[in-house]
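The next block holds one structure in the form of structure tokens; read it before the comments.
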Amino acid sequence: MMNFLKREKSFSLTLIITLAAAVLLFSSSIVGAAYISHQITGYSAYDLEKSSELYSYLEYDLKFEQRLENGQFVLNPKLQINTLKEELELDLYEGYLDYYFTNADLRLGRQIISWGKADGLTVTNLINDQRQQKRPFVNPDDRFIGSDALKLDYFTDNGTLEAVVSLPPTASDLDTDQLGFGLRYSVLGMGSDYEISAGSFPQFNIMTQSYEDQNFIGGSFSNDLGSFVLKGEGAYFFDRKYLRKSPTGPQIIENDELEMLLGVDYYLGDYLIALQIKEGILIDEATNIMRDQSMAEYSLMAQRSFLRDNLTVENWLIYREMPELPGMENTLLWRPRLTYDYSDQITIGAGLDYTIDGPEKSEFFIQLENIF
Amino acid sequence: MRNKIIITVFVLVALMTVLGTVSAADLSGEEIMEKVYNRKTGDSRTSNLEMILINRHSAERIREIKQFEKDFGEVEKKIMFFISPADVRNTSFMNWSYNSEQSDDQWIFLPALNKMKRISSENKSDYFMGSDFTYDDLGDRTLAEDQHKLIGEETIDGKEVYVVENIPVAEADLYSRTVTYVWQDNWIGLKKEFYDEEGELLKVLTVNEIEEIEGILTILDNEMHNLQSDHRTILKTSEVEYNTEIDENLFSERMMKRGI
């Protein structure tokens, strides 16, 4: 028997009810008809070495948008049937209420918030939790999970000041009063954009295998240089937790770290080539710390569109240095991705996470999407 | 005395008519295209676009866009909100085009990631949303990017047209040349032929419907036919409004994220 709502997220349902009630309060200001779209996705991933199926699910994704006189209401629940484990899971991907003031926009509810200019790699993009499961994603950014948050954007003549207060990730065991918070000022300008950010948000620490606050101050930029777009991010992290070898076993210590990223997008006809280099440097090198003082992550992506943008082929090469912990090794991954829009409703996707060097297994996936 | 005045006026009018005819006939290709580029199009414009993409098997795909444009003097700003199909809904695109040597600024907003992304504005030869129109074809091209030569006069649907050949100044251009058929009465292109790098006819743009809206001639229906792939794009424009009060704040990160 299928386990009904194996991972029913009670908080999601509470959030849905709260937001629906809020909308009812605003119902007198409803503008136009609601927009509703449905998406059904079938996904299967296989272990290339053992030729066995690893994950398989069918997902129903509902998008509901209702414009209000001074805002909007958006609900995006997903119902996933894990056909291998015979489990049913209901989750709220996004569900929020927007209210627009003269010079400010307020968003309350579960939402995706992106900070920084990097694609795929993260430096200052720390608000949303990331899925820890290893299944191959169609897009590297699919791994982000919506945060339950309040976001206020205040607009000046030159830029946007954004304040965020968020609840801890649902996957963490942090108390709900351990809020994440941060500020960002962003500017779009002639030839270049930049943003400055600071905050404290809980993120999963792969060394300690737990959620911990990441206290940081940072910024990012992107510049148009003709066929190139140059982008960069940097952040200084205070009191991050690391493991150190000791005679009594691994010991947690705190250290500051500087993370920097430099990337370039090169547009050449139908090709887009994107290179990103990220480096994390420990400020005070403690002895016996279970990682190198400097740890790098590189990504190289070549993308080309065919058949009037209906067929897109992406080739990712990702190199990631890892801490010196059991089961972790530096990894070099090859991630080809193919997406074909058979029609405006049907999209076929396929891809490979091939481990050239490292402990992770190589996996292949196929996906079929129907939007209506 | 009265007769002298009448004769003088008559002679002046006749002289002006003759001079006018001579000057029109003497126009160079460059002058004709200058009039086309400088044709009155309003300081601002809002419109809805519907693009119907038709492949060789007559299968159709439809894209709907809401567009706002405004000329601020030093900079011309444009913002597009994608309405359909569902997978691009709430995506928005913004372009700031400068009257100086400064390259255009372009951004795209990706709703699934809630992310603004700066993109390169150099690829004007890219096809727009899988259609047969490049960004250049949709109006991003300037007079100085081609050398213009008058090669004849013809009639299209009873309308007298100048036939002007346009040869790109830059060697690395998508087209080896284009030929524009300019309506003599109104300085508006009624047809345009696009030739590929080998000099073969690649595409033909045909104007199907023109209407005067608020004193401005507006193309409401045109079709681009790629003869080599037998793919067509019909571009329909509706709910056109000119010179409306469009706030500068519309062309901002806030509106790209909020959508319409």
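We name chains A, B, ... by the order of the sequence lines, and we start the count at 1 in each one.
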Residues of residues 56-77 of chain B contacting chain A, heavy-atom criterion under 4.5 Å, by residue number: R61(B), I62(B), R63(B)
Per-residue contact mode, S84(B) against chain A (heavy atom under 4.5 angstrom): neither
Are Y43(A) and E59(A) close enough that some pair of their side-chain heavy atoms sits under 4.5 Å apart? no
Check whether N310(A) gets within reach of chain B through its side chain, its backbone, both or neither, counting any heavy atom under 4.5 Å. side chain
At a 4.5 Å cut-off on heavy atoms, which part of D132(B) comes close to chain A: side chain, backbone, both, or neither? both
Sort Q72(A) into side chain, backbone, both or neither according to what part of it lies under 4.5 angstrom from a heavy atom of chain B. side chain
With a 4.5 angstrom heavy-atom cut-off, is it the side chain or the backbone of D265(A) that approaches chain B, or both, or neither? side chain
Has N128(A) got a side-chain atom pairing as donor or acceptor with I113(A)'s backbone, closer than 3.5 angstrom? yes
What is the distance from atom CZ of F194(B) to atom NZ of K192(B), rounded to the nearest 0.5 Å? 5.0 Å
Contacts of type ring pair (Phe, Tyr, Trp, His ring centres under 6.0 Å), residue Y266(A), not counting sequence neighbours: F228(A)
Please identify, among L53(B), N90(B), V88(B), the residue contributing the most non-hydrogen atom pairs under 4.5 Å to chain A. N90(B)
Under 6.0 Å between the ring centres of F128(B) and F133(B)? no
Are I112(A) and E94(A) packed together at the side-chain level, in the sense that at least one heavy-atom pair is separated by less than 4.5 angstrom? yes
Max heavy-atom pairs within cutoff under 4.5 Å with chain A, candidates R118(B), E248(B), E253(B), goes to R118(B)
Segment of L188(A) engaging chain B (4.5 angstrom heavy-atom cut-off): both
Given that the side chain runs from C-beta out, which part of K231(A) has a heavy atom under 4.5 Å from chain B: side chain, backbone, both or neither? side chain
T160(A), part contacting chain B, at a heavy-atom distance under 4.5 Å: side chain
Between the side chains of N166(B) and D146(B), is a donor N or O closer than 3.5 angstrom to an acceptor N or O? no
Does any backbone or side-chain atom of Q102(B) lie under 4.5 Å from a heavy atom of chain A? Answer side chain, backbone, both or neither. side chain
With only heavy atoms counted, which part of I83(B) is less than 4.5 Å from chain A, the side chain, the backbone, both or neither? neither
Checking side chain to side chain contact (heavy atoms under 4.5 Å, CB included) for the pair M116(B)/L110(B): CA distance, chi angles, key distance, verdict? CA-CA 6 Å; M116(B) 291 283 294; L110(B) 307 166; over 6 Å; no
Check whether E193(B) reaches the backbone of T180(B) with its side chain - one donor and one acceptor, N or O, closer than 3.5 Å. no
Toward chain B, the part of E65(A) with a non-hydrogen atom under 4.5 Å: side chain
